[in-house]
Undergrad: 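Structure in structure tokens, see below.
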Amino acid sequence: MEKHNNLTLGSLFDGSGGFPLGGLLSGITPLWASEIEPFPICVTTRRIPQMKHLGDISKVKGSDIEPVDIITFGSPCTDMSIAGKRAGLEGKQSVLFYQAIRIIKEMRCKSNDSYPRFIIWENVPGAFSSNQGADFREVLEAICKIKSEDVDVPEPENGKWVNAGTIVAEGFSLAWRVLDAQYFGIPQRRRRIYLVADFAGEGAGEILFESEGLSGYPPQSLKSWQRTAGTAENSIGTAVAPLCLNDQGGNRMDVTTGITITLRASSNHPPLVLDAPKAYGICSVGSNSMQSANPRSGFYKAATARTLDANGGNPSCNQGGIAVVAAPTYSAGKGSFFMTAESELANTLMASDFKDPPIVNAVDGKDYIVRRLTPTECAKLQGFPDWWCDDLGVEEPSEAEICFWSEVFETHREIMGKSTRSKSRKQIIKWLINPHSDSAEYKMWGNGVALPCVCFVLAGIVWVVSKEKDSQS
């Protein structure tokens, strides 16, 4: 796809860096991002070093930061998700939506309504029904009022919001559509609302409903995602050559095909060879299937993963919702993800959070093991490169880096309110040398966006702008 380097992007609630990376893949330049979680910031500062980090969104002023053509914001969805307490748009997390609206208004005021032209809001479908639909109406109205304060969005005719829709006025358009990642080449059932507003034209509907196959994404670009993912089984490797998961001391999992990396004497985690693995879904513990007396009920062969979330340890959700059954297995010893267990310990599948005891049984004379998805597999289920979280450490942090990260951790501490003490210089240096943990990466992917869906929307914007330029030339 031809690059249009004049388009720029800013990402609020940046998380895994999906929108900036999607921008780069679509020919858009990411200029800045706002995020407070240390691990995602560490990832994006390593992977997109040219992008400025703004920190706490409540302290960002749209009039003071560099104007951009596109502002993206996947504001926290906890209070609107059907899996949450449903406090709605006024909940402690989801209320941050209004901070994004404030920043957009401030930037447009400073730039005489020139920037941003486009905004993208990403959220859970539960927003449609939150507070009996009133919250989604408020989202639409708040975004429309960025353009004009006179806008009044009516309630839907039957009281329920549909999965796709548009609002068009003079010099303004807004459209929303539910995109499911499983139809964009990655084997995860992840339904999300993507809402696009065009403050300078009627391009929003074209971006979400007319660009498919015309913008160059999918179907051409979809091929790369299909090669990477395809189904839940080949996301963990079902090529002719066996897939090897090489645990590097618990800090990194390298994935190789047909060959293991060099075995290390110091490692207590030998490689696991996956020979023709099968993937099975696990129903939630309170479901009717799990309550059934049928010992086979509650488990099903799966080609698509359930939606990743931030709860990394619960076996019935996030990466725990898919069990990977492989043969043969190799014991990694106690404390490893792949230890051998007696057959009578099969019930330990439902272990407590952040414990991962496997199940081993005998089928046709072979030993099988059940484990949760690895962080690398979760990255692939979001459409990201395997190496996105690799090699993040800094052996000798500079004074500038230590100062920057002191501010990051202090901001996080103040907002989260879980610690009364600031991190010491020694603690920060130790973290910078080895910032990775599986739990932090699981949380990042659970809170993140599906990259192919992001690329589809951003490529649509590029297509609309390019089409406008071609018509003017």
Undergrad: State, to 0.1 Å, how close Gly22 and Val454 come at their nearest heavy-atom pair, and which atoms those are.
TA: CA-CG1, 4.2 Å
Undergrad: Does a sphere of radius 6.0 Å around OH in Tyr115 hold more than 12 heavy atoms from other residues, nucleotides or ligands, not counting ones at 6.0 Å or beyond?
TA: no
Undergrad: Side-chain contact test, heavy atoms from C-beta onward, threshold under 4.5 Å: evaluate it for Ile104 versus Ile143 and give yes or no.
TA: no
Undergrad: State whether Glu66 and Lys52 are salt-bridged, where the test is any N-O pair (Lys NZ or Arg NE/NH1/NH2 against Asp/Glu carboxylate O) under 4.0 Å.
TA: no
Undergrad: Does the pair Asn112 and Ser114 meet the rule for a side chain to side chain donor-acceptor pair (under 3.5 Å), with working shown?
TA: CA-CA 6 Å; Asn112 294 319; Ser114 297; over 6 Å; no
Undergrad: With distance as the sole criterion, is a donor-acceptor pair present between the side chains of Trp445 and Glu441 under 3.5 Å?
TA: yes
Undergrad: Does a donor on one side chain and an acceptor on the other come within less than 3.5 Å for Ser422 and Glu410?
TA: yes
Undergrad: Between Lys443 and Glu37 (salt bridge meaning N to carboxylate O under 4.0 Å), is one present in this structure?
TA: yes
Undergrad: For Pro30 versus Leu24, what's the shortest heavy-atom pair and its separation?
TA: CD-CD2, 3.5 Å
Undergrad: Between Pro435 and Cys42, is there a side-chain heavy-atom distance shorter than 4.5 Å?
TA: yes
Undergrad: Would you mind checking if Glu468 and Arg117 are paired as a salt bridge, meaning a charged N to carboxylate O distance below 4.0 Å?
TA: yes
Undergrad: Between Glu149 and Lys105, is there a salt bridge with N-O shorter than 4.0 Å?
TA: yes
Undergrad: Is any side-chain N of the basic residue among Asp152 and Arg137 closer than 4.0 Å to the acidic one's carboxylate O?
TA: yes
Undergrad: Is any side-chain N of the basic residue among Lys61 and Glu106 closer than 4.0 Å to the acidic one's carboxylate O?
TA: no
Undergrad: Check whether the ring centres of Phe199 and Phe118 lie less than 6.0 Å apart, and answer yes or no.
TA: no
Undergrad: Between Thr411 and Asp56, is there a side-chain donor-acceptor contact under 3.5 Å, judged purely by atom types and distance?
TA: no
Undergrad: Check the surroundings of atom CG in Asn158: do more than 12 heavy atoms from other residues, nucleotides or ligands lie under 6.0 Å from it?
TA: yes
Undergrad: Answer yes or no: does atom CD of Gln50 have more than 12 heavy-atom neighbours from other residues, nucleotides or ligands under 6.0 Å?
TA: yes
Undergrad: How far apart are the closest heavy atoms of Cys453 and Asp180, and which atoms are they?
TA: SG-C, 4.4 Å
Undergrad: Does a salt bridge link Lys380 with Glu377, judged by any charged N lying under 4.0 Å from a carboxylate O?
TA: no
Undergrad: Please find the pair of heavy atoms, one from Ala142 and one from Ile101, that lie closest to each other, and give the distance.
TA: O-CG2, 4.3 Å
Undergrad: Which heavy atom in Pro116 sits nearest to a heavy atom in Ile71, and how many Å separate them?
TA: CG-CD1, 3.8 Å
Undergrad: Going through the checks in order, is the side-chain contact (heavy atoms from CB on, under 4.5 Å) test met by Ser148 and Phe172?
TA: CA-CA 9 Å; Ser148 173; Phe172 168 76; over 6 Å; no
Undergrad: Ring centroids only, cut at 6.0 angstrom: are Trp176 and Trp121 within range, meaning strictly under it?
TA: no
Undergrad: Taking all non-hydrogen atoms of both residues, which atom of Ile48 and which atom of Leu21 are closest, and how far apart?
TA: CD1-N, 4.1 Å
Undergrad: Supply the atom-to-atom distance Ile428 CD1 to Ile402 CD1, rounded to the nearest 0.5 angstrom.
TA: 8.0 Å
Undergrad: Are Glu210 and Lys467 ion-paired here, with the side-chain N under 4.0 Å from a carboxylate O?
TA: no
Undergrad: I'd like to know whether the aromatic ring centres of Phe136 and Phe128 sit less than 6.0 Å apart in this structure.
TA: yes
Undergrad: On the 0 to 90° scale, with breaks at 30° and 60°, tag the Phe404-His53 ring pair as parallel, tilted or perpendicular.
TA: perpendicular
Undergrad: Does Gln132 CD have over 12 foreign heavy atoms under 6.0 Å away?
TA: no
Undergrad: Could you tell me if the side chain of Ile65 sits less than 4.5 Å from the side chain of Leu54, heavy atoms only?
TA: yes
Undergrad: Are side-chain N/O atoms of Gln182 and Gln188 paired as donor and acceptor at under 3.5 Å?
TA: no
Undergrad: Describe, in one word, how the ring planes of His436 and Phe39 are oriented to each other, choosing from parallel (under 30°), tilted (30 to 60°) and perpendicular (over 60°).
TA: perpendicular
